[in-house]
Amino acid sequence: MAVYSLLSPSALNRIASGLQALESQSQLRQLETVEGIDLTSNDYLCLARDRRLADAVVRALARGEAVGSTGSRLLSGNAHAWEELEAEFAEFVGSESALFFTSGYAANMGLLGALLRREDVVFSDSANHASIIDGIRLSRAQKVVFPHLDLNFLDDALRRATSGEKFVVVESLFSMEGDRAPVADLAGIAGRHGAALIVDEAHSTGVCGPLGRGALAEAGLAAAPLASVHTCGKALASAGAFVACPETLKRWLVNCARPFVFTTALPPYLAAQIHAALEIVKRSGDRRARLQELSGGLRSRLKAKGWDTGNSSSQIVPVMLGDNVRALAVADHLRRAGFAVRAIRPPSVPPGTARLRLSLNAGLCLQDMDRLVTELDTARDRATGMGG
Ligand SMILES: Cc1ncc(COP(=O)(O)O)c(C=O)c1O
């Protein structure tokens, strides 16, 4: 029997027309590898190829750590290495405890899905990451989406909500905008209305704050939120994510967070890699300063040439282009000029706000930035009807 006959023809037709629809909207994605100067990865501190991380893994394996975890953390997948790492991470960010999940996506799904109940009201920033949106959906809590960082709107909406427990969820450094949430103001507003604050620090961990402890630590607010989420796949160049939270919440998540309970743990040698990454991150003040210098330099060069970089104030610098076709054309030009960039289109960003997401790392130099801006200008000159 031919394999395709196992799928019903109507399901296949539906998929084929779905793909066509994506293509006609210039929203069809395909897998690519990174070629050229990397402006697309989240390896902000250039640790993914750092020998010290690889050596930590080799040493862990030589000590006899297994290459497979063999089960979920509640079955055979727990290890001293994970428990020690969770304690180390909690101390690093200044929380009472921490729980490690297999990814940032799983951490947000697990945290929000287990914490929020149907009768609760969650106030979610409109630019929040898909994993936050999906976690809220999983919980079935009532949702109020507030316009991106509109604190007046949030304040008002919180005041008007009278039933259920209230939660506010934001990213501390927004992944597609590159702007930063005023976490102290948000903590104040949430506190005034008796709402709990949850902060996703995915793009701040390792990059912001003293020793790279994140934006909350930078604002002196380590203990203010009910929970914060810290991915290890970005500046820590590893995989997985921590939810930093009070011990009581950790115990609840161990019992009720479905993406924690019902998945195979990551292999324990990874704990050694993350431990090594944390040690390096603490001593990477020079790389953090370099990132700031590079992103500040790139933003001012872009603005001087009339490009719109939104409200970026970080290592993530969007170049706003509006429509999908234009974003694809500019990305294509830059790729041919030797830059690895991606056109970010809906549903990753709202319709009509397609952009390049320039994601900088400490290994770049200002000459790269100069050439990038020159190539962007060339793309604009070449494409008919393309304004800044
Ligand atoms: C803000 C934010 N939260 C969570 C995630 C998910 O993290 P992970 O890639 O570890 O699943 C991402 C990843 O892009 C993110 O940008």
Side-chain angles (χ1 to χ4, degrees), residues 29 31 34 38-45 47-48 85 89 93 98-113 115 122 124-138 145 148-149 168-181 183 186 197-208 214-216 225 227-245 253 257-260 263-267 270-271 273-274 277-278 281 310 312 314-318 342 344-345 347-350 355 357-361:
R29 268 87 163 172
L31 295 172
V34 171
D38 175 16
L39 296 172
T40 195
S41 84
N42 300 313
D43 186 18
Y44 303 126
L45 302 178
L47 297 184
L85 186 69
F89 194 81
V93 292
L99 182 66
F100 185 73
F101 284 73
T102 52
S103 70
Y105 188 91
N108 275 327
M109 291 286 281
L111 169 66
L112 297 166
L115 179 65
V122 55
S124 175
D125 188 284
S126 61
N128 276 345
H129 188 258
S131 55
I132 298 175
I133 297 169
D134 292 355
I136 294 171
R137 279 189 190 144
L138 180 69
V145 176
H148 183 47
L149 292 181
V168 175
V169 192
V170 292
E171 295 177 33
S172 54
L173 197 174
F174 283 86
S175 55
M176 293 298 153
E177 320 291 325
D179 56 355
R180 300 187 50 182
V183 281
L186 281 159
L197 180 64
I198 297 170
V199 180
D200 182 335
E201 292 250 61
H203 298 275
S204 304
T205 308
V207 171
C208 303
L216 292 164
S228 53
V229 175
H230 306 256
T231 58
C232 302
K234 304 186 195 298
L236 300 185
S238 303
F242 296 94
V243 172
C245 60
L253 296 177
R258 294 171 70 83
F260 179 84
T263 199
T264 300
L266 289 175
L270 186 69
Q273 179 179 334
I274 297 172
L278 282 173
V281 158
S312 161
S314 71
Q315 76 278 11
I316 299 169
V317 182
R342 300 282 182 268
I344 308 290
R345 291 155 284 157
S348 306
V349 291
R355 65 197 70 174
R357 174 183 183 268
L358 304 175
S359 179
L360 306 189
N361 64 69

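Ligands are counted one by one from 1 in listed order, and the atoms in each one are counted from 1 as well.
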Is there a donor-acceptor pair under 3.5 Å between the side chain of [X] and the backbone N or O of [Y]?
X	Y	answer
Thr231	Ala241	no
Arg180	Ser204	no
Asp200	His129	no
Thr263	Pro259	no

Can you find a heavy atom in the side chain of Met109 that is under 4.5 Å from one in the side chain of Phe101?
no

Which residue and atom name correspond to the protein heavy atom nearest [atom], and how close is it?
atom	result
atom 8 (P) of ligand 1	Gly104 N, 3.3 Å
atom 16 (O) of ligand 1	His203 NE2, 2.7 Å
atom 9 (O) of ligand 1	Lys234 NZ, 3.7 Å
atom 15 (C) of ligand 1	His129 CD2, 3.3 Å
atom 3 (N) of ligand 1	Asp200 OD2, 2.6 Å

Please identify which atoms of ligand 1 are closer than 4.0 Å to at least one heavy atom of [X].
X	value
Ala202	1 (C), 2 (C), 3 (N), 15 (C)
Ser131	3 (N), 4 (C)
Ser175	16 (O)
Glu171	1 (C)

Can you confirm whether the side chains of Ser348 and Arg342 place a donor and an acceptor under 3.5 Å from each other?
no

Regarding Ser238 and Gln273, do their side chains bring together a donor and an acceptor under 3.5 Å, going by distance alone?
yes

Answer yes or no: is there an ion pair linking Glu177 with Arg355, defined by an N-O contact shorter than 4.0 Å?
yes

Please state which part of Asn108 comes within less than 4.0 Å of ligand 1, counting heavy atoms only: side chain, backbone, both or neither.
side chain

Give the ring-plane orientation class for Phe242 versus Phe89, where under 30° counts as parallel, over 60° as perpendicular and anything between as tilted.
parallel

Check whether any N or O atom of Thr231, backbone or side chain, sits under 3.5 Å from an N or O atom of ligand 1, and answer yes or no.
no

Tyr105 N/O under 3.5 Å from ligand 1 N/O:
yes

If you measure from each heavy atom of Ala241 to ligand 1, is any distance below 4.0 Å?
no

